[in-house]
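In what follows, chains are A, B, ... by sequence order, proteins preceding strands, each numbered from 1.
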Amino acid sequence: MLIYNTLKRRKEEFIPLHPGKVRMYVCGITAYDYCHIGHARSCVVFDVLVRYLRSQGYDVTFVRNFTDVDDKIIKRAQQEKLTEDEVAEKYIEAFYLDMDELNVLKADIEPRATRHIPEMIQVTQVLLDKGYAYSTAAGDVYFRVRKMPHYGLLSARNVEELQSGSRIAPDEDKEDPLDFALWKAARPEEPSWESPWGKGRPGWHLECTAMSEKYLGIPFDIHGGGEDLTFPHHENEKAQSEAAFGREFVRYWIHNGFVRVDSEKMSKSLGNFITIRDIINSFHGEVLRFFLLTKHYRSPLDYSDGSLEEAEKALKRIYWAKTALQKELQKEKWSKGQEFSEADQELNSLSQKWDDAMLDDMNTAEAVGYVFGLVRLANRMLENKVFRKSEAGRDVMQKMLDQLDKWGHSLGIFHRPGKEFLEELKFMRCRRYDIDPEFVLKMVQKRQEARNNKDFKAADEIRHQLAEQGIEVMDTSEGPKWDFA
RNA sequence: GGCGGCAUAGCCAAGUGGUAAGGCAGCGGUCUGCAAAACCGCCAUUCUCCGGUUCAAAUCCGGAUGCCGCCUCCA
């Protein structure tokens, strides 16, 4: 598999350190607020990476942390009149609920910073012993950035430029403005832990070093996160880890692109963020997940309500085909004769292309294109009566469904029973447009009565009435059905 | 100011040297009492612009313009 390594700034063949095993660490959330679509993207992207690596036969150990001690949590605790622990607990719980909606799997290990204070103190002590860190009279401990010769390699900047362009607040106690805190001396009213340097709390970057070393060992294979973490977080994490352990920290650095709104980064500080729970009020979680995968993970992704509507329609198309296949396969009698090797070959070809796309830096956008290739193939074949009724056709149909399942397993979508999912979508739409499904059903029944009486004029009137609300009535062999246009 | 990225149809979007995937919208046809879905056909001689390299460029190089990100907490 080819993976774009931020450190090298190019795609590289992914070769794990231990054959068949992948050790992967992704920076999780700071638990002080509800997750927005940007968090959703990061979580979904790395969830797909884990799923796909597993589908390729790798034994993946996936660690995703929770930052539960931090300035923002402290501030939030004061605002909400809760303890820091309660704040973290509240938003971690919310995180899990959101991830369930998005069908994001739990990581194998989900460590929290506050439960690894001794490990962090130990790393700090090693850095002090090795001369990479220094403590101040105030009880802070800082990392000596200039002592690391390759500092800046990951984020493509050099220390001189950082210095000159510095918006870094000079700190009286720091030897150098570039130095960053490993340990912060306690301030009143803030959570703190005993340490050899007095009471205090860990700096942000330290937890990832301590916990990844503990659960994965160094070096490990993949470290991921949003691209805004590249600097300073990952750069600092890398520096302190390599200084402490004296060897390479991470082999492949993977960063996902931002979600944007009106061409601007979605972020807390800009206040233009939309939370996951806002979305799933009116859109199915799977629609959001699908939308997030329709663009390559490293590109910026523009969010709008319209783009979700579009994703919903596209996803619906896939489920329609899935439902049609499932329905055909319920038959019990099948006829002999006629092969459908062309369809079979096309299916194989799509399967190959899909893997090629995923193996090339996880190109889910291209891969989704091949899913539609299958949808079109399935629909086309389903037009053929002989195909639908023959054993050979049945085998191809089953293979199509299996393929869809397999792809869906990696992408974390298309896994719902088709009919059920389409009903759920309909329900979401009713809620979004404030339409009463009972009322619609009544109208549909009324129209059917008119139709039975051959009163097509009255029937059409109801059709038009419903159409004004964006509702289509479909006359099928199983009676009338309705859905949004 | 420094560093980095992006620019493909009405919209979204894939495509890093071999002649423009896919989705949405739209148009024509089949099907239908009328529709919807589905199917068939159409929908970028061209990839922001200007130069260059090459038998061959959306893809490589140089320049211009526009947009965005990082350099401060941020997925």
Kindly give the atom pairs (protein nitrogen or oxygen, nucleotide nitrogen or oxygen) under 3.5 Å for nucleotides 31-33 of chain B.
{"unit_1": "B/rG33", "atom_1": "N7", "unit_2": "A/Arg451", "atom_2": "NH2", "d": "3.2"}
{"unit_1": "B/rG33", "atom_1": "O6", "unit_2": "A/Arg447", "atom_2": "NH2", "d": "2.9"}
{"unit_1": "B/rG33", "atom_1": "O6", "unit_2": "A/Arg451", "atom_2": "NE", "d": "2.8"}
{"unit_1": "B/rG33", "atom_1": "N1", "unit_2": "A/Asp460", "atom_2": "OD1", "d": "3.0"}
{"unit_1": "B/rG33", "atom_1": "N2", "unit_2": "A/Asp460", "atom_2": "OD1", "d": "2.9"}
{"unit_1": "B/rG33", "atom_1": "N2", "unit_2": "A/Asp460", "atom_2": "OD2", "d": "2.4"}

Pairing residues for A/Glu423 by the side-chain contact (heavy atoms from CB on, under 4.5 Å) criterion, not counting sequence neighbours: A/Lys426
Identify the pairs formed between an N or O of the protein and an N or O of nucleotides 46-49 of chain B at a distance under 3.5 Å, and give each distance.
none

Non-neighbouring partners of A/Lys313 that pass salt bridge (charged side-chain N to carboxylate O under 4.0 Å, His left out), sequence neighbours left out: none
Residue pairs involving residues 343-372 of chain A (criterion ring-ring contact (aromatic ring centres under 6.0 Å, His included); sequence neighbours excluded): A/Tyr52-A/Trp354, A/Trp354-A/Trp407
Partners meeting side-chain contact (heavy atoms from CB on, under 4.5 Å) with A/Glu420 (sequence neighbours left out): A/Arg416, A/Pro417, A/Glu424
Any A/Asn379 side-chain N or O less than 4.0 Å from OP1/OP2 of B/rC39: yes
Pairs meeting criterion salt bridge (Lys or Arg N to Asp or Glu O under 4.0 Å) with involvement of residues 367-386 of chain A, two or more places apart: A/Glu346-A/Arg380
Letter per nucleotide, 5' to 3', of nucleotides 15-23 of chain B [B base touched, S only sugar-phosphate touched, - untouched; heavy atoms, 4.0 Å]: S-----BSB
Residue pairs, two or more places apart or on separate chains, that pass ring-ring contact (aromatic ring centres under 6.0 Å, His included) and touch residues 461-485 of chain A: A/Trp482-A/Phe484
Pairs satisfying salt bridge (Lys or Arg N to Asp or Glu O under 4.0 Å), at least one member in residues 91-105 of chain A, at least two apart: A/Asp98-A/Arg277
Those residues that, when tested against A/Lys457, pass salt bridge (charged side-chain N to carboxylate O under 4.0 Å, His left out) (two or more places apart): none
Pairs involving residues 25-53 of chain A, ordered by first then second residue, that meet salt bridge (Lys or Arg N to Asp or Glu O under 4.0 Å) (sequence neighbours left out): A/Asp33-A/Arg76, A/Asp33-A/Lys268, A/Asp47-A/Arg51, A/Asp47-A/Arg289
